[in-house]
Amino acid sequence: MSTMDTITMLIPLKAEYVSIARLTVSGIASRMGFDIDTIEDIKVALSEILGKFIEKKSGTGRVNVDFQCLEDGISIKFKISDQSIPELFDNDTDKFALAIISSLMDEIEIEKQGDNSITMVKKLGKAV
Amino acid sequence: MSTMDTITMLIPLKAEYVSIARLTVSGIASRMGFDIDTIEDIKVALSEILGKFIEKKSGTGRVNVDFQCLEDGISIKFKISDQSIPELFDNDTDKFALAIISSLMDEIEIEKQGDNSITMVKKLGKAV
Amino acid sequence: MFELNTESNDGKNVVISVKGEIDIYSAPDFKESLYQSINDVQQNIILDFSDLSYIDSMGLGILVGALKRVREKDRNITIKNPKSTVRKLFRITGLDKAFIIEEV
Amino acid sequence: MFELNTESNDGKNVVISVKGEIDIYSAPDFKESLYQSINDVQQNIILDFSDLSYIDSMGLGILVGALKRVREKDRNITIKNPKSTVRKLFRITGLDKAFIIEEV
Ligand SMILES: Nc1ncnc2c1ncn2[C@@H]1O[C@H](COP(=O)(O)OP(=O)(O)O)[C@@H](O)[C@H]1O
Ligand SMILES: Nc1ncnc2c1ncn2[C@@H]1O[C@H](COP(=O)(O)OP(=O)(O)O)[C@@H](O)[C@H]1O
């Protein structure tokens, strides 16, 4: 698997598709050599972000997810075409989701200018 | 899962990514209610097409795969952006691949005019 | 998807097993089933998570809601045998302080 | 990925077990390992497919290549215990007529 290859997925913003994205990322992460625990962490973090997108924007189009294979890890970028990123973690009940993502991933960046995206990164060899 | 939802995947034309596409389609087909044997058939047919694309066009960009959820089945469409579909089944050793795809799927259509695509369809409730 | 079963019910405790996956898709069903099982009984609740392979923040939120209800009647909820991946989420969210967690 | 092991080797037959998945990614390795195992011995070949979960047209092509080599020396290849999904591909491609298939 060479560096900088990107697999992209476009997923309808509906709850029933989140488990499919989870399955896909587990395949990618396992091929990249992540261990089982870390794969689980990545699946959870991915689901949390997709879950929040769906809660705030349910039914409105698709979310674009880029899985980029880096030399030392994976970078996962979420975008909604022609739409701004909603406030994903604005209310009380979102605190668990944000705590989970921040703990499990090495980096999370919410980009509200420019291309309106959320990117999270997990490095190889770093289970929580 | 409502009708006509489409999940799209963009996959580098490299052998190491075929198993990831297989995993994704098994998730989609299982969510749609296909039985285990039919899911296996769909995975095999998908792999054969991706395999032929990779043999003929290895390393040159990505293949776009649309998984469209129909009311009575799944339609899977393959396109290469800005490129024509290669002759996928032109030589002797491709005959197995074509036999397998034709037997396992209900429909296969190779569209060389227009949008240059291959589409295969599997109906619900029809294991081979 | 998930499965919820009342395994045993003595004078003091009700054991409810939760199996499968709880995510944004199955959460609404999980909430309804769990709250119903809890309303039906008077005892302390033991949730057997031995066969729960996945839970997300929404599932955890539902557990918090359940705990509130149960506590109003001076009862509590024990989480029994969570897998390490599920256990980790209780730790990260601090919920391991709210629930009794019993590892056997 | 796949695994190839020589399980037993008596005067008449060599049993080679093939486990895992053979697809476009693992096919080159499979071809090399299989042809090597075949060249190393003089007996008939029994390929135990009990734990082979996946094979594609490329894998089948490699088997055909192996069969040609083996037949040149008046030997043959038996496919033992293929799973139903793998068995189906032999039927579809007509290869169930070329190979001896032994289901136990
Ligand atoms: N998704 C969630 N994330 C975090 N906490 C949650 C979530 N859902 C519910 N909660 C917590 O559980 C409490 C009770 O939840 P719930 O039973 O759904 O509300 P209600 O009692 O209004 O029906 C909420 O006030 C909230 O603190
Ligand atoms: N992918 C394939 N699909 C169908 N048949 C194949 C495939 N690969 C090999 N074969 C068949 O097996 C024969 C021998 O294959 P191989 O051993 O790879 O060639 P060679 O003997 O030239 O090294 C080929 O002539 C072809 O008929």
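In the text below, chain A, chain B and the rest are named by the order of the sequence lines, each starting its count at 1.
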Participant: Holding to side-chain hydrogen bond (donor to acceptor under 3.5 Å, both in side chains), I want the full list of residues that pass it with A/E40, two or more places apart in sequence or in another chain.
Facilitator: none
Participant: What heavy-atom pair brings A/L23 and B/S26 nearest, and what distance separates the two atoms?
Facilitator: CD2-OG, 4.1 Å
Participant: Relative to chain A, which segment of B/S30 carries a heavy atom at a distance below 4.5 Å: side chain, backbone, both, or neither?
Facilitator: neither
Participant: Out of curiosity, B/I28 CD1 to A/E16 CD, how far, rounded to the nearest 0.5 Å?
Facilitator: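 With rounding to 0.5 Å, CD1 (B/I28) is 12.0 Å from CD (A/E16).
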Participant: Rounded at 0.5 Å granularity, tell me how far CG in B/L10 sits from CG in A/L10.
Facilitator: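 Atom-to-atom, B/L10:CG and A/L10:CG are 7.0 Å apart.
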Participant: Does B/D5 reach the side chain of A/R62, with side-chain heavy atoms less than 4.5 Å apart?
Facilitator: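 The answer is no; the side chains never approach within 4.5 Å.
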Participant: Given side chains that start at C-beta, do those of A/P12 and B/I7 come closer than 4.5 Å, heavy atoms only?
Facilitator: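 They are in contact (side-chain heavy atoms under 4.5 Å apart), so the answer is yes.
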Participant: Suppose we screen for side-chain hydrogen bond (donor to acceptor under 3.5 Å, both in side chains). Which residues come up paired with A/S47, at least two apart in sequence or across chains?
Facilitator: A/R22, C/Y54
Participant: Between B/I20 and A/T24, is there a side-chain heavy-atom distance shorter than 4.5 Å?
Facilitator: yes
